[in-house]
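Just below is one structure, and these are the notes that go with it.
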Amino acid sequence: MKALDIETKSLVQEHPEYALQPWRLLKNESEITLIAMGDGDLAEFIPWKELNGMPKETFVTWNAIFDVSYLHAQGVDVARHTWVDAMLLCKWHDNCQHNEQLGYSLAACAQRWIPQWQYLPQFIKLKAAEADPSHDKYWQVRAKLDVMATYLIAQVALGKLTPKQRKSAMIEAKNIVPNAKAYVRGIPTNPSHYELPIPGLSRQMAEIECRLGVSNTGNHIGGKGWEPSKILRSPKQLAETIYNKWGLHCNQRTPKGEPSTDKAALTYLADKDDKVLEILAWRELNTRLTKFCQSPVKASKYLSDSVLHPEPKIFSTYTGRYTYASKIKSKFPIAMALHQIPRGPDVRRMVEAPEGKLLVEFDASGQEARLLAEIGDVHSMLDVFRSGKKIHAVMGASIAGIPYDEFMRRYKAGEEAYAGPSGTYYCGKFVNLSMQYRVGAAKQRVMARVQYGLRKDQTTIERWRALYHHTYPEVKSYWQRAINLARERGYAETLAGRRYYLDKWGKDDRWGTESSAINFPIQGSGGDMKNLAISMLNSKYPELEFAWDLHDGVFVWAEKSKFGMELVLEARDALDNLDYESAWGWKPRIKMPWDAAVGVRWGDMKELR
DNA sequence: TGCTAACGCGCC
DNA sequence: AAAGGGCGCGTTAGCA
């Protein structure tokens, strides 16, 4: 194992931040200035070409996606080597509730992990000094110390992980390369899908503001210089307007005790006053306009390109899910909020495959329910999955009070009461999805109304809750078992051995801590599964280029050809047969199936059978 | 001006 | 008494 660190610089004077953007290298807007390689004692500088000629090596770096994506952009065959991220190893070890104060800069981690290191004082001083990019000497010393620190921290961190954690961390590490390549490749978009809607959205918002009498002064419908209403945008001003000026009764509060104007509060107020319905409509338009139209416009302007570059973060959640950043240094817009794009086709279709390619989505079907059944040892639910019945239909039939077969007959016939938008199938789905993690009855009623459009009274909700627990009696005992186990051990654990240390058992935090104990093994195992899936796809099907992750969904680019589609089907089968046993020592009792869908545009995908 | 907290909301 | 969890982004409000 060797450690590696690169330094980069912008080639555009007015944009020093380009140094942090690997894809700028492809346009000669930034460059790698040096590459340092070594171990805990010694580091040397190497030209990038040497990485392609040398024998296969394991490199440990700090925040690996940055280095690997830059090297990939430079032309290094990064897949030739194995990459490990010392920062991720530290996080595998540190993953706990009270780590708010823990920083993950190399300097901070060096102080925590290698306090005895002989160069530590010099290193800290150097890191704290104002960086002057013109002093090559500064960067050379810094890069060498970075290499040594990274190497030493990795050794210590690896030693502190359990064998199972080391193995899982290495599986996760395999995904550094596909993520780095995806970061450089970027996500191709069709700007017309976020540019053209802007005038229409603005006009609709302006009309609502006009009817409600909350326009900004000087605003005209469709006029130039129109800005969204400050009253509607501000929770404080909106509360003042609807509760004081309009005299509506406030019965929901924010966590800090202020009158709430969130969607749940407004939904119930809308029953009494149509104006509130307009506010809800305005809110939706506002989100659509700012987050999903204006932001991608800003990013494509900043990038001078419709290929956007959301920055992947492999371990920025404590459950092992990935996240993406759409700004660099909280400032420079490089993408849209990839993980928040609304579900329907309207916004999603902005992502469009390049010529000759197709977008493929692999989706772990019913992932969390299956993991709950397995991890929670919920035999009743395992039986449902084994029987091949549709799990939401099983709950729907219970709610309807008829046998499963009859329910399916009526559901397939499209009878409104069973298959309609507030039919019992949809109710069953709602119950299954909301009941897994201890949602309270009152909140559940609001969820039914606000998220699912189901208008139900508290008695009905209580009846559904009882029905769920009657159908799956072991779920409650899983909750208790998960809590007891976490308390006893001090941590909750996933199937791959990822741990989340829990210590906030005091009165105020207890509920949340318990919920984490219940949720972490399931959501975290979902994260493990995704990591296993991506690493398998990348090694067995390198022609399928990893694009992005959406928790239980893996997106790849495939060649638009017969060969490409055959590969997708093959890969789907391989996902159905992921080798959990050799990865985690776990043998699922039920299938963990994946769906595959293909299309030119996201949001316009066809399921492959 | 730049920062953080609070709020609201999109996804899973 | 009641209480899902995990994220990131856009906005206002308030402070230094």
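Residue numbering restarts at 1 for every chain, and letters A, B, ... go by the order of the sequence lines. Keep in mind the model is a prediction, meaning the values are calculated, not measured.
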TODO: Indicate, with a heavy-atom threshold strictly under 4.0 Å, whether A:Q436 touches base, sugar-phosphate, or nothing.
DONE: nothing
Task: Residue A:A442, side-chain heavy atoms: nucleotide from B:dC11, B:dC9, C:dA3 that is nearest - done: C:dA3
Open item on the list: Once you apply a heavy-atom cut-off of 4.0 Å, does A:I518 come out as touching a base, just sugar-phosphate, or nothing?
Closed with: nothing
- [ ] Starting at atom CD1 of A:I231, determine the distance to atom C1' of C:dT12, rounded to an integer number of angstrom.
- [x] 13 Å
TODO: State whether A:K230 places a side-chain N or O below 4.0 Å from either non-bridging phosphate oxygen (OP1 or OP2) of C:dT12.
DONE: yes
TODO: Output the single nucleotide from C:dT11, B:dG10, C:dC7 whose closest atom is nearest the side chain of A:T290.
DONE: C:dT11
Open item on the list: Tell me the interatomic distance from A:L232, atom CG, to C:dG10, atom P, rounded to whole angstroms.
Closed with: 19 Å
Task: side chain to side chain donor-acceptor pair (under 3.5 Å) partner of A:T319, chosen from A:Q523, A:H551, A:R498 - done: A:Q523
Task: Whole-Å gap separating C1' (B:dC12) and CG (A:N519) - done: 11 Å
Open item on the list: Show, in sequence, the C-alpha distance, side-chain angles and deciding distance for A:E368 and A:R321, and conclude whether the salt bridge (Lys or Arg N to Asp or Glu O under 4.0 Å) test is met.
Closed with: CA-CA 13 Å; A:E368 292 212 348; A:R321 283 179 166 188; 3.5 Å; yes
TODO: Give the nucleotide from the list C:dG10, B:dC12, C:dC7 with an atom nearest to the side chain of A:S295.
DONE: C:dG10
Task: Nearest to side-chain heavy atoms of A:S326, which nucleotide of C:dT12, C:dG5, C:dG8 - done: C:dG8
- [ ] State whether A:K263 places a side-chain N or O below 4.0 Å from either non-bridging phosphate oxygen (OP1 or OP2) of B:dC7.
- [x] no
Task: Residue A:K443, side-chain heavy atoms: nucleotide from B:dC9, C:dG8, C:dA3 that is nearest - done: C:dA3
- [ ] Under 4.0 Å between any heavy atoms, over every strand shown, what does A:K236 touch: base, sugar-phosphate, or nothing? Just pick one.
- [x] sugar-phosphate
- [ ] May I ask you to evaluate whether A:R348 reaches the phosphate of B:dC11, defined as a side-chain N or O under 4.0 Å from OP1 or OP2?
- [x] no
TODO: Indicate whether any N or O donor in one side chain lies under 3.5 Å from an N or O acceptor in the other, for A:T513 and A:Q97.
DONE: yes
Task: Nucleotide of B:dC11, C:dG8, B:dG8 approaching A:S260 most closely (side-chain heavy atoms) - done: B:dG8
Close N or O pairs between protein and nucleotides 3-5 of chain B (under 3.5 Å):
none

Task: Rounded interatomic separation in angstrom, taking CD from A:E240 and P from C:dT12 - done: 17 Å
Open item on the list: Given C:dA13, B:dG10, B:dC12, identify the nucleotide with an atom nearest to the side chain of A:P342.
Closed with: B:dG10
Task: Residue met sooner reading DNA chain C from 5', once A:A325 and A:T319 are mapped to nucleotides - done: A:T319
Open item on the list: Quiz question: by atom type and distance under 3.5 Å, do the side chains of A:T460 and A:D457 form a donor-acceptor pair?
Closed with: yes
Open item on the list: More than 12 heavy atoms of other residues, nucleotides or ligands under 6.0 Å from CZ of A:R253: yes or no?
Closed with: yes
TODO: Choose from B:dC12, B:dC7, C:dT11 the nucleotide whose nearest atom is closest to any side-chain atom of A:R233.
DONE: C:dT11
TODO: Considering just the side-chain nitrogens and oxygens of A:S316, establish if one lies under 4.0 Å of OP1 or OP2 belonging to C:dG8.
DONE: yes
- [ ] Give the nucleotide from the list C:dG10, B:dG10, B:dC12 with an atom nearest to the side chain of A:K327.
- [x] C:dG10
Open item on the list: Output the rounded distance in Å from CG (A:D262) to P (B:dG8).
Closed with: 5 Å
Task: Atom-pair distance (CG on A:L308; P on C:dG8), nearest Å - done: 19 Å
Open item on the list: Tell me whether the side-chain N or O atoms of A:R321 pair up with the base of B:dC12 as donor and acceptor below 3.5 Å, since no angle test is needed here.
Closed with: yes
TODO: Identify whether any heavy atom of A:R283 sits under 4.0 Å from a base atom; if not, whether one sits that close to sugar-phosphate; answer base, sugar-phosphate or nothing.
DONE: sugar-phosphate
Task: Distance, rounded to the nearest Å, where A:F520 contributes CZ and B:dC12 contributes C1' - done: 16 Å
TODO: Classify the nucleic acid contact of A:Y324 as base, sugar-phosphate or nothing, counting any heavy atom under 4.0 Å across all strands shown.
DONE: sugar-phosphate
TODO: Would you please indicate yes or no on a ring centroid separation below 6.0 angstrom for A:Y472 and A:Y468?
DONE: yes
Open item on the list: Exactly one of A:L269, A:L212, A:T267, A:T261 should register a side chain to side chain contact (heavy atoms under 4.5 Å, CB included) with A:V276. Which one does?
Closed with: A:L269
- [ ] Check every atom of C:dG5, B:dG10, C:dT12 against the side chain of A:T287 and return the nucleotide holding the closest atom.
- [x] B:dG10
- [ ] Examine C:dG4: is either OP1 or OP2 under 4.0 Å from a nitrogen or oxygen in the side chain of A:S516? Give yes or no.
- [x] no
Task: Pair A:Q367-A:D552, side-chain donor/acceptor within less than 3.5 Å - done: no
Open item on the list: Is it the case that the side chain of A:D377 and the backbone of A:Y478 share a donor-acceptor pair, with hydrogens and angles ignored and the cut-off at 3.5 Å?
Closed with: no
- [ ] Can you establish whether the number of heavy atoms outside A:K390 located under 6.0 Å from its atom NZ is more than 12?
- [x] no
- [ ] Using only side-chain N and O atoms of A:Q237, determine if any of them is under 4.0 Å from OP1 or OP2 of C:dT11.
- [x] no
Task: Rounded distance (Å) that lies between atom P of C:dC9 and atom CD1 of A:I341 - done: 12 Å
Task: A:T261 side chain near B:dG8 phosphate (N/O to OP1/OP2, under 4.0 Å) - done: yes
- [ ] Using only side-chain N and O atoms of A:T254, determine if any of them is under 4.0 Å from OP1 or OP2 of B:dC7.
- [x] yes
